[in-house]
Amino acid sequence: MRITIKVGTSTLTHPTGRLNIRHVEELCKVISDVKNAGHEVILVSSGAIGMGVGKLNLSERPSDMAGKQAAAAVGQCELMYVYDKLFQEHNHTVAQILLTGEDLRDEARHANFAVTLQRLLELGALPVINENDTISTDEIAVGDNDTLSALVAVSVKADLLIILTDIDGLYTADPRKDPGARLIPVVTEITPEMLAGAGGGGTALSTGGMATKLTAAGLCMEAGTDMMIVSSARPSVIYDALEGKAVGTRFIGKRS
Ligand code: GLU
């Protein structure tokens with residue numbers, strides 16, 4: 001299978017912006033094992049700004065564009081250093097690809113991206129993709145990595161996009177506020193109620209939330225790609241997702 005895995009800032013870092021060593025080590029181990037089993041994996045990883053905040057010892061995520069871009073420049077280095085080191089322990093080679101929305105919209109640039117990505121997979125490398133935050137302004141940005149991961153999954157014709165996050169799926173209401181909220185295991189159509197319930201989102205260090213995940217799901221479903229939202233608390237949930245076990249929420253791609 002060709003799988004795109006998206007991991008958010010809240011999985012990779014503590015609220016301080018410092019690396020969550022246990023989570024990241026487990027994640028790299030599971031992804032390495034999945035690759036060893038013969039699957040192709042493309043990792044879409046956030047965390048540049050969050051890790052930049054930690055590395056620069058800032059008290060909070062910068063709110064201005066230059067501050068965010070500077071934090072991302074520092075954090076992206078740290079992020080790739082960590083991935084390089086941890087995947088190396090399992091004999092896997094990482095490759096960094098930084099994209100803007102413009103790169104995916106422009107036909108020639110998109111084609112270059114697709115060709116390079118295909119070659120990296122043939123070479124057995126593990127592409128690690130993030131938005132190119134240092135040069136992405138509002139006009140050209142994708143804006144959030146849930147959407148970016150869906151655009152990538154669709155572009156590379158992935159069989160499945162797995163979004164690892166701090167909640168274990170899509171609920172009928174916000175489970176942090178409503179004790180009656182129920183997990184929705186399978187979604188074949190995104191309803192207005194789901195969109196209304198998604199609300200805003202993100203944390204102090206990151207961008208996404210349920211709304212951007214539903215946007216991502218819509219893009220995937222339309223293109224015939226399945227997408228799952230699963231909890232990142234236990235990275236081995238990736239094995240369950242690949243084995244078709246009932247974990248998180250599975251959005252079923254349109255079958256033509
Ligand atoms: N590209 C941002 C980063 O690496 C994250 C965007 C997002 O969390 O959706 O910090």
Side-chain angles (χ1 to χ4, degrees), residues 4-20 23-24 27-28 42-84 94-104 113 126-154 161-167 198-220 227 229-232:
T4 303
I5 296 174
K6 186 261 172 176
V7 56
T9 304
S10 58
T11 303
L12 299 170
T13 62
H14 290 287
T16 54
R18 293 279 177 184
L19 189 68
N20 187 326
H23 269 172
V24 178
L27 180 74
C28 292
I42 297 140
L43 182 60
V44 175
S45 176
S46 303
I49 299 176
M51 285 180 79
V53 168
K55 189 102 201 221
L56 290 165
N57 286 316
L58 305 179
S59 55
E60 58 185 22
R61 181 184 159 105
S63 53
D64 65 310
M65 183 64 94
K68 279 190 245 183
Q69 293 182 325
V74 172
Q76 182 65 31
C77 268
E78 175 77 354
L79 195 59
M80 289 312 294
Y81 169 74
V82 169
Y83 281 136
D84 193 32
V94 293
Q96 172 185 262
I97 303 182
L98 299 177
L99 296 172
T100 62
E102 195 75 354
D103 297 327
L104 295 170
F113 157 69
L126 171 65
V128 182
I129 301 179
N130 195 358
E131 177 125 32
N132 194 350
D133 293 314
T134 304
I135 58 153
S136 265
T137 53
D138 286 349
E139 296 75 48
I140 62 165
V142 174
D144 71 87
N145 275 7
D146 294 324
T147 308
L148 177 66
S149 66
L151 292 172
V152 167
V154 169
L161 166 62
I162 302 174
I163 294 191
L164 291 161
T165 188
D166 53 5
I167 184 164
T203 64
L205 290 175
S206 65
T207 313
M210 206 38 87
T212 53
K213 289 175 183 57
L214 289 182
T215 304
L219 290 168
C220 285
M227 186 189 110
I229 299 176
V230 294
S231 164
S232 60

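Read the numbers this way: they start at 1 and go in the same order the structure lists the ligands and their atoms.
T4 and S149 get closest at one heavy-atom pair: CG2-O, 4.1 Å. D166 approaches S232 most closely through the heavy-atom pair N-OG, 4.3 Å. Nearest approach of T11 to L164, heavy atoms of both residues: OG1-O, 4.1 Å. Nearest heavy-atom pair across A150 and C220 is CB-SG, 3.9 Å.
Pairs engaging residues 68-81 under the salt bridge (Lys or Arg N to Asp or Glu O under 4.0 Å) rule: K55-E78 [sequence neighbours left out].
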Run the side-chain contact (heavy atoms from CB on, under 4.5 Å) check on V230 and I162 step by step: do they pass?
CA-CA 7 Å; V230 294; I162 302 174; 3.6 Å; yes

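Distances between N or O atoms of D146 and those of ligand 1 include no value under 3.5 Å. For the pair A48 and ligand 1, the shortest N or O to N or O distance falls below 3.5 Å.
In this comparison of G75, S45, S10, S46, the heavy atom closest to atom 8 (O) of ligand 1 sits on S46.
Within the listing of ligand 1, atoms 9 (O) sit less than 4.0 angstrom from a heavy atom of D144.
For the ligand labelled ligand 1, residue G47 lies inside the 4.0 Å heavy-atom shell.
Of the heavy atoms in N130, only side-chain atoms (C-beta onward) come closer than 4.0 Å to ligand 1. Of all the heavy atoms of D133, the ones lying under 4.0 Å from any atom of ligand 1 belong exclusively to the side chain.
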